[in-house]
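Chain identifiers are assigned alphabetically (A, B, ...) following the order of the sequence lines, protein sequences preceding nucleic acid strands; residue numbering begins at 1 within each chain.
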There are 2 protein chains.
Amino acid sequence: MSLKYALLGFLNYESMTGYQLKKYFDESVGGFWNASLSQIYPTLNSMYEEGVVTSEEVQLDSLNKKIYSITAKGKEELLKWLEEPTEIQPLRSTLLLKLYFSSNISKEIVISQFESLIKQSRLKLEIYEKGIEHLRKEHLSTGYMKQEALYWNLTADYGVKHQEAFIKWCEECILKLKNAEKDAEGRVTFEDNNY
Amino acid sequence: MSLKYALLGFLNYESMTGYQLKKYFDESVGGFWNASLSQIYPTLNSMYEEGVVTSEEVQLDSLNKKIYSITAKGKEELLKWLEEPTEIQPLRSTLLLKLYFSSNISKEIVISQFESLIKQSRLKLEIYEKGIEHLRKEHLSTGYMKQEALYWNLTADYGVKHQEAFIKWCEECILKLKNAEKDAEGRVTFEDNNY
DNA sequence: ACTATCATGTAAGTAGTTACATGATTTG
DNA sequence: CAAATCATGTAACTACTTACATGATAGT
């Protein structure tokens, strides 16, 4: 249940509504975590019952809003969670699963799938890099790096490195598939090949 | 619902029981997909109702077993799934989420967390590399690469590349955190710092 | 005798998605 | 005046995990 801690993390910056929290999510950690409003609202409710947040119903701009704030207990739990050692989470990749069984289909299709993945990945990379550039400029102008920005940069870095490694791997896969095609001629017997 | 297709993929190699499927999982795609028996059995049942597998109850080695086989419809669905273009799945990382908020705790703790992650990751890498070495030797002796082995190698490759990139990133994070510590002296004001 | 492995499940709970429901306010 | 945005939720469903239940066989 990381969502709870993510919400506590944002509320630790400032008090806000569930709707605003959703926006914070999308604009900051959206690259590696996302949450829907239909998940955020019930979670905030159970967090209220737990006593890690308080809520205040107000009428602002003639709209009914529920502004949530972190409590002392909430801060305590957030810090405890942050200090806990992190175990590396196991991979769970549909893509690799599919690839594992791809000897059943033609190499041409697999290669075109990789080409499409590379395109998608390059787009993502561009978006990441623009975001980082934005962060960098903002903090260069202030003359020093905020404590928070240091960590934000580390997560952004991961996104870039991860995406670059992925593209490289895709390119190598294409090469290996093309080479295997040549090697295979007259050497490999194709039983049960559907193509 | 990738589990269904994974099960079809294995049953396409040969007919077997749910228990054996679990073993296949762990020993082949365990690095990027895992399934528990309590998930496999009900899924096989619903697949039977769908008509993508048949089952035969037999008594082998004086044990009651249900041997599942893939049907023509099952093969069709497997191929269709394999040929479908794959979208890149969004990241979902508790680790990055935690790091994002880590300005709230001391740098020393974060650094030691990274050091622990590197250790865990190196262990994983060793296991991967041994598995690949094993595959390589097995197929060198046969003189050529089986169609399947080509794809198995690509997935194993991903595991290695991913893990290596991760370790590199961790190491860079540690360096950046240590440098920031030096830079910060006398320049950054620490408000609300709990340490 | 006991422990591990083989073998098949059910039941309850968690995390998250998708669809639905409602209504106000703001912007083009 | 229509569409987008602000704002809060419920209900149903999916995928998966954890705990429980049962019983046979094989090896130490």
Side-chain angles (χ1 to χ4, degrees), chain A residues 1-8 10-11 15-27 29-30 32-50 53-68 81 87 89-94 97, chain B residues 1-8 10-11 15-27 29-30 32-50 53-68 81 87 89-95 97-98:
Chain A
M1 233 239 176
S2 301
L3 177 59
K4 174 182 154 184
Y5 299 103
L7 294 172
L8 287 176
F10 287 122
L11 290 175
S15 300
M16 59 187 121
T17 68
Y19 194 85
Q20 281 176 290
L21 277 162
K22 163 69 172 161
K23 283 202 151 181
Y24 256 72
F25 255 94
D26 293 347
E27 286 164 16
V29 298
F32 48 87
W33 201 273
N34 63 301
S36 57
L37 282 168
S38 57
Q39 198 193 356
I40 289 171
Y41 287 125
T43 303
L44 283 169
N45 257 314
S46 66
M47 284 165 72
Y48 174 78
E49 274 156 36
E50 253 192 278
V53 293
T54 55
S55 86
E56 195 194 357
E57 279 171 71
V58 292
Q59 271 189 306
L60 238 160
D61 314 318
S62 35
L63 278 170
N64 295 322
K65 298 181 185 197
K66 265 195 189 176
I67 296 170
Y68 287 92
W81 177 72
E87 342 79 84
Q89 53 221 336
L91 265 182
R92 197 168 188 82
S93 169
T94 317
L97 194 60
Chain B
M1 235 243 177
S2 301
L3 178 59
K4 173 183 154 183
Y5 298 103
L7 294 172
L8 287 176
F10 287 122
L11 291 175
S15 299
M16 60 186 120
T17 67
Y19 194 84
Q20 282 176 289
L21 278 162
K22 164 68 173 161
K23 281 202 155 180
Y24 257 71
F25 254 95
D26 293 348
E27 286 165 16
V29 299
F32 49 86
W33 200 272
N34 63 303
S36 57
L37 282 167
S38 58
Q39 198 193 355
I40 289 172
Y41 287 125
T43 304
L44 282 168
N45 258 312
S46 67
M47 283 165 72
Y48 174 77
E49 275 156 36
E50 253 192 281
V53 294
T54 56
S55 87
E56 195 194 355
E57 280 173 71
V58 293
Q59 272 188 306
L60 239 160
D61 316 318
S62 37
L63 277 172
N64 296 321
K65 298 180 185 201
K66 264 195 189 175
I67 296 170
Y68 287 92
W81 178 72
E87 342 79 82
Q89 55 221 335
L91 266 182
R92 195 168 189 81
S93 169
T94 316
L95 171 69
L97 193 60
K98 200 179 264 198

Choose from D/dG9, D/dT8, C/dC6 the nucleotide whose nearest atom is closest to any side-chain atom of B/Leu63. C/dC6
If you define the side chain from C-beta out and look only at heavy atoms, does anything of A/Lys4 sit under 4.5 Å from A/Glu50? yes
Could you check whether A/Phe10 and A/Phe25 have their ring centres less than 6.0 Å apart? yes
Sugar-phosphate means primed atoms, P, OP1 and OP2; the rest is base. With that split, encode nucleotides 14-20 of chain C 5' to 3' as B, S or - using protein heavy atoms under 4.0 Å. -SSBBB-
Round to the nearest Å and state the distance from A/Tyr41 atom OH to D/dC6 atom P. 11 Å
Look at the side chain of B/Lys98 and the backbone N and O of A/Trp81, then say whether any donor-acceptor pair between them is shorter than 3.5 Å. yes
Give A/Lys23 one of three labels, base, sugar-phosphate or nothing, depending on what nucleic acid heavy atoms sit under 4.0 Å from its own. sugar-phosphate
Between OH on residue A/Tyr68 and CG on residue A/Leu8, distance to nearest 0.5 Å: 12.5 Å
Counting only side-chain N and O atoms of A/Lys22, is one of them less than 4.0 Å from OP1 or OP2 of D/dT8? no
Residue pair A/Asn34 / B/Arg92, side-chain heavy-atom distance below 4.5 Å: yes
Distance-only, no hydrogens or angles: does the A/Lys22 side chain make a donor-acceptor pair with backbone N or O of A/Ala35 under 3.5 Å? yes
Rounded to whole Å, the OH-C1' distance (A/Tyr68 to D/dA7) equals 12 Å
So, do A/Thr94 and B/Trp33 sit near enough that their side-chain heavy atoms are less than 4.5 Å apart? yes
Which whole-number value in Å describes the distance from A/Gln20 CD to D/dC6 C1'? 10 Å
Counting only side-chain nitrogens and oxygens, does B/Lys66 get under 4.0 Å of the OP1 or OP2 atom of C/dG9? yes
Rounded distance (Å) that lies between atom P of D/dC16 and atom CG of B/Leu37: 15 Å
Length of the line joining A/Leu21:CG and D/dG9:P, which is rounded to integer Å: 13 Å
Can you tell me how far P of C/dT10 sits from CG of B/Asn45, to the nearest Å? 7 Å
A/Gln59 CD to C/dG23 P, straight-line distance once rounded to whole Å: 16 Å
In whole angstrom, give the distance that lies between atom CG of A/Asn64 and atom P of C/dG23. 13 Å
